[in-house]
Q: 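Have a look at this one.
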Protein chains: 2
Amino acid sequence: MNGIKQPELMVEEDRLLIKKALEVVCGKWRLFILLHLAEKTRRYSELRRLLPDVSEKVLIQELKALVQLGVLEKESFNEVPPRVEYRLSDRGKAVMPLLLQIKEIGRYFL
Amino acid sequence: MNGIKQPELMVEEDRLLIKKALEVVCGKWRLFILLHLAEKTRRYSELRRLLPDVSEKVLIQELKALVQLGVLEKESFNEVPPRVEYRLSDRGKAVMPLLLQIKEIGRYFL
DNA sequence: TCAGTTACAAACCAGTAGGTTAGTGGCGTG
DNA sequence: CACGCCACTAACCTACTGGTTTGTAACTGA
(Lines give C-alpha, C1' and ligand atoms only; values in the text may rest on other atoms or scores of the structure.)
Protein backbone atom coordinates (compact mmCIF):
# COMPACT_ATOMS: atom_id res chain seq x y z
CA MET A 1 0.00 0.00 0.00
CA ASN A 2 2.66 2.50 1.02
CA GLY A 3 4.52 2.33 -2.23
CA ILE A 4 4.78 -1.42 -2.13
CA LYS A 5 3.31 -3.01 -5.19
CA GLN A 6 1.58 -6.24 -4.44
CA PRO A 7 2.57 -8.77 -7.09
CA GLU A 8 -0.94 -10.04 -7.61
CA LEU A 9 -2.45 -6.63 -7.98
CA MET A 10 0.21 -5.73 -10.47
CA VAL A 11 -0.31 -8.86 -12.45
CA GLU A 12 -4.06 -8.32 -12.53
CA GLU A 13 -3.61 -4.77 -13.71
CA ASP A 14 -1.17 -5.91 -16.35
CA ARG A 15 -3.71 -8.39 -17.45
CA LEU A 16 -6.47 -5.87 -17.93
CA LEU A 17 -4.14 -3.45 -19.69
CA ILE A 18 -2.86 -6.11 -22.05
CA LYS A 19 -6.32 -7.46 -22.70
CA LYS A 20 -7.64 -4.03 -23.57
CA ALA A 21 -4.67 -3.19 -25.77
CA LEU A 22 -5.06 -6.43 -27.67
CA GLU A 23 -8.68 -5.54 -28.24
CA VAL A 24 -7.43 -2.47 -30.04
CA VAL A 25 -4.70 -3.99 -32.17
CA CYS A 26 -5.68 -7.57 -32.90
CA GLY A 27 -7.76 -8.47 -35.89
CA LYS A 28 -6.94 -9.17 -39.48
CA TRP A 29 -7.47 -5.63 -40.72
CA ARG A 30 -7.38 -3.40 -37.72
CA LEU A 31 -3.92 -1.98 -37.88
CA PHE A 32 -4.14 -1.49 -41.61
CA ILE A 33 -7.24 0.59 -41.10
CA LEU A 34 -5.39 2.66 -38.52
CA LEU A 35 -2.42 2.97 -40.85
CA HIS A 36 -4.59 4.49 -43.50
CA LEU A 37 -6.16 6.91 -41.08
CA ALA A 38 -2.84 7.92 -39.56
CA GLU A 39 -2.27 10.27 -42.42
CA LYS A 40 -5.62 11.98 -42.56
CA THR A 41 -9.36 11.77 -42.10
CA ARG A 42 -10.97 9.57 -44.72
CA ARG A 43 -14.41 8.59 -45.91
CA TYR A 44 -15.58 5.04 -45.84
CA SER A 45 -15.39 4.70 -49.63
CA GLU A 46 -11.80 5.91 -49.61
CA LEU A 47 -10.87 3.26 -47.07
CA ARG A 48 -12.60 0.69 -49.22
CA ARG A 49 -10.46 1.61 -52.15
CA LEU A 50 -7.28 1.67 -50.08
CA LEU A 51 -8.08 -1.74 -48.62
CA PRO A 52 -9.57 -3.63 -51.53
CA ASP A 53 -9.21 -7.02 -49.91
CA VAL A 54 -11.50 -6.34 -46.98
CA SER A 55 -15.13 -7.18 -47.43
CA GLU A 56 -17.54 -4.29 -47.09
CA LYS A 57 -19.20 -5.95 -44.18
CA VAL A 58 -15.97 -6.50 -42.29
CA LEU A 59 -14.66 -3.01 -42.94
CA ILE A 60 -17.82 -1.45 -41.57
CA GLN A 61 -17.77 -3.85 -38.66
CA GLU A 62 -14.21 -2.95 -37.84
CA LEU A 63 -14.77 0.77 -38.16
CA LYS A 64 -17.73 0.50 -35.86
CA ALA A 65 -15.76 -1.47 -33.29
CA LEU A 66 -12.86 0.96 -33.44
CA VAL A 67 -15.23 3.88 -32.93
CA GLN A 68 -16.75 2.13 -29.94
CA LEU A 69 -13.33 1.45 -28.50
CA GLY A 70 -12.54 5.13 -28.81
CA VAL A 71 -9.75 4.61 -31.29
CA LEU A 72 -11.58 6.34 -34.12
CA GLU A 73 -14.09 9.14 -34.40
CA LYS A 74 -16.85 9.10 -36.97
CA GLU A 75 -18.44 12.19 -38.42
CA SER A 76 -21.61 11.99 -40.50
CA PHE A 77 -22.65 14.76 -42.88
CA ASN A 78 -26.23 15.42 -43.89
CA GLU A 79 -25.51 14.92 -47.58
CA VAL A 80 -26.52 12.86 -50.56
CA PRO A 81 -24.73 10.74 -51.53
CA PRO A 82 -24.10 9.89 -47.89
CA ARG A 83 -20.81 11.13 -46.55
CA VAL A 84 -19.19 9.71 -43.47
CA GLU A 85 -15.66 10.42 -42.35
CA TYR A 86 -13.46 8.58 -39.91
CA ARG A 87 -10.40 9.91 -38.16
CA LEU A 88 -8.07 8.85 -35.39
CA SER A 89 -9.11 10.03 -31.97
CA ASP A 90 -6.44 11.49 -29.71
CA ARG A 91 -6.21 8.13 -28.02
CA GLY A 92 -6.03 6.47 -31.40
CA LYS A 93 -3.10 8.65 -32.31
CA ALA A 94 -1.28 7.25 -29.31
CA VAL A 95 -1.37 3.85 -30.97
CA MET A 96 0.78 4.97 -33.88
CA PRO A 97 4.17 4.65 -32.18
CA LEU A 98 3.15 1.13 -31.22
CA LEU A 99 2.49 0.43 -34.85
CA LEU A 100 6.09 1.23 -35.67
CA GLN A 101 7.30 -1.07 -32.95
CA ILE A 102 5.01 -3.80 -34.14
CA LYS A 103 6.59 -3.57 -37.54
CA GLU A 104 10.03 -3.90 -36.01
CA ILE A 105 8.94 -6.96 -34.13
CA GLY A 106 7.60 -8.39 -37.36
CA ARG A 107 11.09 -8.12 -38.83
CA TYR A 108 12.46 -10.53 -36.27
CA PHE A 109 10.01 -13.23 -37.19
CA LEU A 110 9.46 -12.93 -40.87
CA MET B 1 14.91 1.01 -56.99
CA ASN B 2 17.66 3.58 -56.55
CA GLY B 3 16.65 4.54 -53.06
CA ILE B 4 13.13 5.34 -54.14
CA LYS B 5 10.59 3.43 -52.14
CA GLN B 6 7.60 2.45 -54.16
CA PRO B 7 4.47 3.08 -52.14
CA GLU B 8 2.94 -0.25 -52.99
CA LEU B 9 6.03 -2.22 -52.16
CA MET B 10 6.27 -0.39 -48.90
CA VAL B 11 2.69 -1.05 -48.05
CA GLU B 12 3.00 -4.71 -48.91
CA GLU B 13 6.08 -5.02 -46.72
CA ASP B 14 4.31 -3.25 -43.89
CA ARG B 15 1.50 -5.67 -44.32
CA LEU B 16 3.65 -8.74 -44.00
CA LEU B 17 5.52 -7.31 -41.03
CA ILE B 18 2.35 -6.39 -39.23
CA LYS B 19 0.71 -9.69 -40.03
CA LYS B 20 3.68 -11.61 -38.67
CA ALA B 21 3.94 -9.49 -35.55
CA LEU B 22 0.26 -9.98 -34.84
CA GLU B 23 0.80 -13.71 -35.15
CA VAL B 24 3.23 -13.38 -32.29
CA VAL B 25 1.26 -11.17 -29.93
CA CYS B 26 -2.41 -11.90 -30.54
CA GLY B 27 -4.24 -14.60 -28.69
CA LYS B 28 -5.95 -14.70 -25.35
CA TRP B 29 -2.98 -15.99 -23.38
CA ARG B 30 0.07 -15.35 -25.52
CA LEU B 31 1.50 -12.28 -23.93
CA PHE B 32 0.84 -13.57 -20.45
CA ILE B 33 2.86 -16.63 -21.27
CA LEU B 34 5.67 -14.43 -22.52
CA LEU B 35 5.41 -12.27 -19.42
CA HIS B 36 5.96 -15.25 -17.22
CA LEU B 37 8.95 -16.39 -19.24
CA ALA B 38 10.49 -12.94 -19.37
CA GLU B 39 11.91 -13.45 -15.94
CA LYS B 40 13.38 -16.90 -16.34
CA THR B 41 13.15 -20.31 -17.95
CA ARG B 42 10.20 -22.30 -16.64
CA ARG B 43 8.77 -25.79 -16.85
CA TYR B 44 5.37 -26.45 -18.21
CA SER B 45 3.95 -27.25 -14.78
CA GLU B 46 5.23 -23.98 -13.41
CA LEU B 47 3.50 -22.07 -16.16
CA ARG B 48 0.34 -23.99 -15.42
CA ARG B 49 0.44 -22.85 -11.84
CA LEU B 50 1.22 -19.29 -12.77
CA LEU B 51 -1.61 -19.22 -15.29
CA PRO B 52 -4.35 -21.20 -13.57
CA ASP B 53 -7.09 -19.97 -15.89
CA VAL B 54 -5.64 -21.45 -19.05
CA SER B 55 -6.72 -24.92 -19.96
CA GLU B 56 -3.96 -27.49 -20.21
CA LYS B 57 -4.74 -28.07 -23.83
CA VAL B 58 -4.57 -24.40 -24.72
CA LEU B 59 -1.39 -23.78 -22.79
CA ILE B 60 0.38 -26.59 -24.57
CA GLN B 61 -1.03 -25.44 -27.87
CA GLU B 62 0.19 -21.93 -27.32
CA LEU B 63 3.62 -23.01 -26.17
CA LYS B 64 3.94 -25.17 -29.24
CA ALA B 65 2.91 -22.33 -31.52
CA LEU B 66 5.30 -19.92 -29.85
CA VAL B 67 8.13 -22.41 -30.24
CA GLN B 68 7.30 -22.82 -33.90
CA LEU B 69 7.22 -19.07 -34.39
CA GLY B 70 10.65 -18.87 -32.87
CA VAL B 71 9.53 -16.81 -29.90
CA LEU B 72 10.28 -19.56 -27.39
CA GLU B 73 12.75 -22.37 -27.12
CA LYS B 74 11.86 -25.71 -25.62
CA GLU B 75 14.31 -28.01 -23.91
CA SER B 76 13.42 -31.59 -23.02
CA PHE B 77 15.31 -33.56 -20.41
CA ASN B 78 15.53 -37.31 -20.34
CA GLU B 79 13.96 -37.58 -16.90
CA VAL B 80 11.07 -39.10 -15.06
CA PRO B 81 8.80 -37.41 -14.26
CA PRO B 82 9.08 -35.70 -17.61
CA ARG B 83 10.83 -32.38 -17.52
CA VAL B 84 10.42 -29.80 -20.21
CA GLU B 85 11.56 -26.21 -19.98
CA TYR B 86 10.60 -23.21 -22.04
CA ARG B 87 12.51 -19.99 -22.36
CA LEU B 88 12.42 -16.88 -24.50
CA SER B 89 14.52 -17.09 -27.61
CA ASP B 90 16.69 -14.10 -28.47
CA ARG B 91 14.01 -13.00 -30.87
CA GLY B 92 11.44 -13.55 -28.19
CA LYS B 93 13.33 -11.28 -25.86
CA ALA B 94 12.96 -8.54 -28.46
CA VAL B 95 9.22 -8.68 -27.90
CA MET B 96 9.50 -7.56 -24.28
CA PRO B 97 9.83 -3.81 -24.91
CA LEU B 98 6.73 -4.09 -27.08
CA LEU B 99 4.96 -5.64 -24.14
CA LEU B 100 5.62 -2.53 -22.11
CA GLN B 101 4.28 -0.36 -24.85
CA ILE B 102 1.25 -2.51 -25.21
CA LYS B 103 0.50 -1.97 -21.56
CA GLU B 104 0.79 1.78 -22.03
CA ILE B 105 -1.61 1.62 -24.91
CA GLY B 106 -3.99 -0.34 -22.75
CA ARG B 107 -4.03 2.54 -20.29
CA TYR B 108 -5.51 4.85 -22.87
CA PHE B 109 -8.44 2.62 -23.52
CA LEU B 110 -9.30 1.06 -20.21
C1' DT C 1 -3.51 -51.18 -5.51
C1' DC C 2 -4.26 -45.95 -5.57
C1' DA C 3 -2.71 -41.31 -5.80
C1' DG C 4 0.69 -38.20 -6.72
C1' DT C 5 4.32 -36.11 -9.89
C1' DT C 6 5.37 -34.73 -14.84
C1' DA C 7 3.91 -33.40 -20.04
C1' DC C 8 1.48 -34.16 -23.31
C1' DA C 9 -2.58 -35.99 -27.25
C1' DA C 10 -7.32 -36.93 -29.29
C1' DA C 11 -12.17 -36.11 -29.70
C1' DC C 12 -15.70 -33.10 -29.37
C1' DC C 13 -18.02 -28.54 -28.76
C1' DA C 14 -19.60 -23.47 -28.47
C1' DG C 15 -18.62 -19.06 -29.68
C1' DT C 16 -16.35 -15.81 -32.73
C1' DA C 17 -13.90 -13.73 -36.86
C1' DG C 18 -14.07 -13.05 -41.49
C1' DG C 19 -16.48 -13.71 -45.51
C1' DT C 20 -20.52 -13.95 -49.33
C1' DT C 21 -24.89 -12.61 -50.79
C1' DA C 22 -28.80 -9.87 -51.04
C1' DG C 23 -30.89 -5.98 -49.61
C1' DT C 24 -31.93 -0.70 -48.17
C1' DG C 25 -32.23 4.44 -49.43
C1' DG C 26 -31.62 9.05 -52.17
C1' DC C 27 -29.80 11.38 -55.95
C1' DG C 28 -27.92 12.01 -60.83
C1' DT C 29 -27.07 10.45 -65.60
C1' DG C 30 -27.64 8.00 -70.06
C1' DC D 1 -35.48 1.93 -66.99
C1' DA D 2 -30.44 0.64 -65.46
C1' DC D 3 -26.37 2.07 -63.56
C1' DG D 4 -23.43 4.96 -61.01
C1' DC D 5 -22.32 7.43 -56.57
C1' DC D 6 -22.47 6.90 -51.33
C1' DA D 7 -22.90 4.03 -46.58
C1' DC D 8 -24.70 0.91 -44.56
C1' DT D 9 -27.81 -3.88 -42.79
C1' DA D 10 -29.41 -8.81 -42.32
C1' DA D 11 -28.98 -13.64 -43.17
C1' DC D 12 -26.17 -17.28 -43.79
C1' DC D 13 -21.74 -19.83 -43.91
C1' DT D 14 -16.88 -21.67 -42.97
C1' DA D 15 -12.81 -21.80 -40.41
C1' DC D 16 -10.70 -20.93 -36.28
C1' DT D 17 -9.98 -20.16 -31.11
C1' DG D 18 -10.47 -21.53 -26.63
C1' DG D 19 -12.39 -24.84 -23.88
C1' DT D 20 -13.96 -29.70 -21.65
C1' DT D 21 -13.29 -34.43 -21.28
C1' DT D 22 -10.81 -38.52 -21.70
C1' DG D 23 -6.80 -40.66 -22.42
C1' DT D 24 -1.40 -41.81 -22.62
C1' DA D 25 3.21 -42.89 -20.28
C1' DA D 26 6.84 -43.67 -16.43
C1' DC D 27 8.09 -43.33 -11.90
C1' DT D 28 7.47 -42.96 -6.59
C1' DG D 29 5.32 -43.48 -2.14
C1' DA D 30 1.67 -45.02 0.99
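Sequence lines set the chain letters: A, B, ... in the order given, protein chains first and strands last, and positions in each chain run from 1. Keep in mind that this is a model prediction, so the values were computed, not measured.
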Q: When we call it a touch if two heavy atoms are under 4.0 Å apart, what does R42(B) touch: a base, just sugar-phosphate, or nothing?
A: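 Nothing, no nucleic acid heavy atom in range.
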Q: Hey, does M96(A) have a side-chain heavy atom less than 4.5 Å from the side chain of L88(A)?
A: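 A side-chain contact exists here, since the closest heavy-atom pair is under 4.5 Å.
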Q: Give every residue pair that meets the salt bridge (charged side-chain N to carboxylate O under 4.0 Å, His left out) criterion with at least one member in residues 99-110 of chain B, sequence neighbours excluded.
A: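 Those involving residues 99-110 of chain B are E13(A)-R107(B), D14(A)-K103(B), E104(B)-R107(B).
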Q: Any side-chain N or O of R83(B) less than 4.0 Å from the OP1 or OP2 oxygen of dA7(C)?
A: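 Checking dA7(C) against R83(B), no side-chain N or O comes under 4.0 Å of OP1 or OP2.
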Q: Given atom CZ of R48(A) and atom P of dC5(D), what is their separation to the nearest angstrom?
A: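 Taking atom P of dC5(D) as the reference, CZ of R48(A) is at 11 Å.
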Q: Excluding sequence neighbours, so at least two apart, what forms salt bridge (charged side-chain N to carboxylate O under 4.0 Å, His left out) with R48(B)?
A: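 R48(B) satisfies salt bridge (charged side-chain N to carboxylate O under 4.0 Å, His left out) with E56(B) only.
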Q: So which pairs with a foot in residues 27-39 of chain B pass side chain to side chain donor-acceptor pair (under 3.5 Å), sequence neighbours left out?
A: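 Every pair satisfying side chain to side chain donor-acceptor pair (under 3.5 Å) with a residue in residues 27-39 of chain B: R30(B)-E62(B), E39(B)-R42(B).
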Q: Checking one residue: F77(B). Which other hydrophobic residues are in its cluster under the side-chain 4.5 Å linking rule?
A: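 None; F77(B) is a cluster of one.
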Q: Any chance CZ of F32(B) has more than 12 other-residue heavy atoms, nucleotides or ligands included, within less than 6.0 Å?
A: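 Counting other residues, nucleotides and ligands, CZ of F32(B) exceeds 12 neighbours.
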Q: Going by side-chain contact (heavy atoms from CB on, under 4.5 Å), name the residues that satisfy it together with V67(A), two or more places apart in sequence or in a different chain.
A: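 With sequence neighbours excluded, V67(A) shows a side-chain contact (heavy atoms from CB on, under 4.5 Å) to L72(A), K74(A), Y86(A), given in chain and number order.
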Q: Between L22(A) (CG) and dG18(D) (P), how many Å, whole number?
A: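 Taking atom P of dG18(D) as the reference, CG of L22(A) is at 11 Å.
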Q: Tell me: CZ of R43(B) to C1' of dA7(C), nearest whole Å?
A: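 Interatomic distance, CZ of R43(B) to C1' of dA7(C): 9 Å.
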Q: Hey, what bend do you get for the helix from dT1(C)-dA30(D) to dG30(C)-dC1(D) if you fit axes on five pairs at each end, rounded to 10°?
A: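 About 30° separates the two local helix axes.
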Q: Scan nucleotides 28-30 of chain D against the protein and return all N/O pairs shorter than 3.5 Å with their distances rounded to 0.1 Å.
A:
none

Q: My understanding is that only residues two or more places apart in sequence, or in another chain, count here; which of them pass side chain to side chain donor-acceptor pair (under 3.5 Å) with Q101(B)?
A: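 Partners of Q101(B) under the side chain to side chain donor-acceptor pair (under 3.5 Å) test: none.
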Q: Applying side-chain contact (heavy atoms from CB on, under 4.5 Å), name anything that partners K19(A), two or more places apart in sequence or on another chain.
A: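 side-chain contact (heavy atoms from CB on, under 4.5 Å) list for K19(A), sorted by chain: empty.
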Q: Going 5' to 3' through nucleotides 8-30 of chain C, assign each nucleotide B (protein heavy atom under 4.0 Å from a base atom), S (under 4.0 Å only from sugar-phosphate atoms) or - (no protein heavy atom that close).
A: BS--------BBB----BBS---
Q: Tracing side-chain links under 4.5 Å among I, L, V, M, F, W and Y, which residues wind up in one group with L50(B)?
A: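 Its cluster mates, by chain and number: none.
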Q: Report the hydrophobic cluster partners of L16(A), with the cluster defined as I, L, V, M, F, W, Y residues connected by side-chain heavy atoms closer than 4.5 angstrom, directly or transitively.
A: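 Its cluster partners, ordered by chain and number, are L17(A), L110(B).
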